[in-house]
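Down below is the structure, laid out as structure tokens.
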Amino acid sequence: MAVTAQMVKELREKTGAGMLDCKKALTETNGDMEKAVDFLREKGIASAAKKADRIAAEGTGYILTEGNEAVILEVNSETDFVAKNDAFQVLVKELAQHLLKNKPASAEEASAQTMENGATVADHINAAIAKIGEKLTLRRFEVLTKTDNDAFGAYLHMGGRIAVLTVLEGTTDADAAKDVAMHAAALHPLYVSRDQVSQEEVERERQVLTTQALNEGKPENIVAKMVEGRLGKYFEDVCLLDQTFVKNPDQKVRQFVESKGATVREFVRYSVGEGIEKREDNFAEEVMNQIKK
């Protein structure tokens, strides 16, 4: 498979490795992006492979809770200046109210729905675009529900650059639920607990760690034990309940939640612009500069 400049760029953004290393990794793995990430990690070139691309787009995250229902959403704009615009903020709140009331299954379904002013969501956004002068999009949202015995935790960081909504079951302590949301905003877990991590992903991580340890020259008879220890660190990185609680380094999040007589049912974390590339760098020029060196 031919390795393109775009593929090299994507791998570079995922791993932080140099362009020439990324090209070699893709060549060695016949263009398989996941295998190329593993190749770089096994060589110690990429210390932490992130699945999410860099954050580049502007806009805001927002959370609206009403009784036992809540919605978290992300609306994008082209510039941070517009994201702070009053008209943009009004649009975001109007969209949140519509989504919570009508509960569409997707952004595409939402765009065709009619708002209280008689316009479709798509037309309402277009009217805001005409007024504000930038492209605006309802990118994503999720509606969560709870019972009277549960608690929502809503947290917006930096005015909505990061938005987190949690659901704690077995407690009505909204402050505790918000503390968990703040933690998720800071440490970016991917799962609530280990049982949510697929066996395929665990085995893939185990294989990467095994190859990495062997490449470090570790004796084969201790590699398996080392890998299991490093696998525990991996779970700490990606699982909310395994992480050290940001407000108390002597506690795991699991211990904090259990002290409230609760469990974490789910959480949603949005980081504005996650996976969207705002602008194109002059990649060809950068490649040429590397070659000249």
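Values in this document were obtained by computation on a predicted structure and should not be read as measured data. Values reported hereafter were calculated over all heavy atoms of this structure, with side chains retained and with hydrogens, waters and symmetry mates removed.
In the displayed structure, K146 atom NZ is contacted under 6.0 Å by more than 12 heavy atoms of other residues, nucleotides or ligands.
Panel note: side chain N102, backbone P104; no donor-acceptor pair is recorded below 3.5 Å. Remark: the backbone N or O of R41 is paired with a side-chain donor or acceptor of Q212 at under 3.5 angstrom. In this structure, the side chain of T137 does not engage the main chain of R139 through any donor-acceptor pair within 3.5 Å. A donor-acceptor pair is defined here as one N or O able to donate and one able to accept, closer than 3.5 Å; no such pair exists between the side chain of E266 and the backbone of V167. When atom types are taken as modelled, the side chain of R204 and the backbone of E34 share a donor-acceptor pair closer than 3.5 angstrom. In this structure a side-chain-to-backbone donor-acceptor pair under 3.5 Å is missing from T263 to R265. For the pair N215 (side chain) and E42 (backbone), a donor-acceptor distance under 3.5 Å is present. Of the possible donor and acceptor atoms, one in the side chain of E74 sits under 3.5 Å from a partner among the backbone N and O of G273. Not a single donor-acceptor pair under 3.5 Å links the side chain of T145 to the backbone N or O of E69.
A donor and an acceptor atom, one from each side chain of E203 and Q199, are located under 3.5 Å apart. No hydrogens or angles considered: a donor-acceptor pair under 3.5 Å links the side chains of S193 and D195.
Taking the six-membered ring for Trp and thresholds of 30 and 60 degrees, F245 and F256 have nearly parallel ring planes, at less than 30 degrees apart.
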Could you tabulate the donor-acceptor pairs under 3.5 Å formed by side-chain atoms of residues 148-157, not counting sequence neighbours?
{"from": "D148", "atom 1": "OD1", "to": "N68", "atom 2": "ND2", "distance (Å)": "2.9"}
{"from": "D150", "atom 1": "OD1", "to": "G170", "atom 2": "N", "distance (Å)": "3.2"}
{"from": "D150", "atom 1": "OD2", "to": "T147", "atom 2": "N", "distance (Å)": "3.1"}
{"from": "D150", "atom 1": "OD2", "to": "T147", "atom 2": "OG1", "distance (Å)": "2.9"}
{"from": "Y155", "atom 1": "OH", "to": "H157", "atom 2": "ND1", "distance (Å)": "3.1"}

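In this structure, D38 CG and T29 OG1 are separated by 9.0 Å, a value rounded to the nearest 0.5 Å. Once rounded to the nearest 0.5 Å, the distance linking NZ of K23 with CG of L26 reads 10.0 Å. Rounding to the nearest 0.5 Å places CD1 of I63 at 8.5 Å from OG1 of T166. One distance of note links CD of Q255 with OG1 of T244; it measures 9.0 Å at 0.5 Å rounding. Between L231 atom CG and T210 atom OG1 the span is 9.0 Å, to the nearest 0.5 Å.
Residues F267 and V253 share a single hydrophobic cluster, defined by chaining ILVMFWY side chains whose heavy atoms lie under 4.5 Å apart.
Remark: Y62 engages no residue in a ring-ring contact (aromatic ring centres under 6.0 Å, His included) (not counting sequence neighbours).
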*asked:* Please evaluate residues L11 and D21 with respect to the criterion side-chain contact (heavy atoms from CB on, under 4.5 Å), reporting the C-alpha separation (whole Å), side-chain torsions for both, the decisive distance (0.1 Å), and the verdict.
replied: CA-CA 10 Å; L11 182 59; D21 288 324; over 6 Å; no

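Listed by chain and number, the hydrophobic cluster partners of V208 come to none, as no ILVMFWY side chain reaches under 4.5 Å of it.
Sorted by first and then second residue, the salt bridge (charged side-chain N to carboxylate O under 4.0 Å, His left out) pairs with a member in residues 236-247 read D179-K247, R194-D242, K233-D237, E236-K252, D242-R254; sequence neighbours excluded. Pairs passing the salt bridge (charged side-chain N to carboxylate O under 4.0 Å, His left out) check and including a residue from residues 116-133, sequence neighbours excluded, read K101-E116. Annotation: salt bridge (charged side-chain N to carboxylate O under 4.0 Å, His left out) contacts involving residues 83-98, sequence neighbours excluded, comprise D80-K84.
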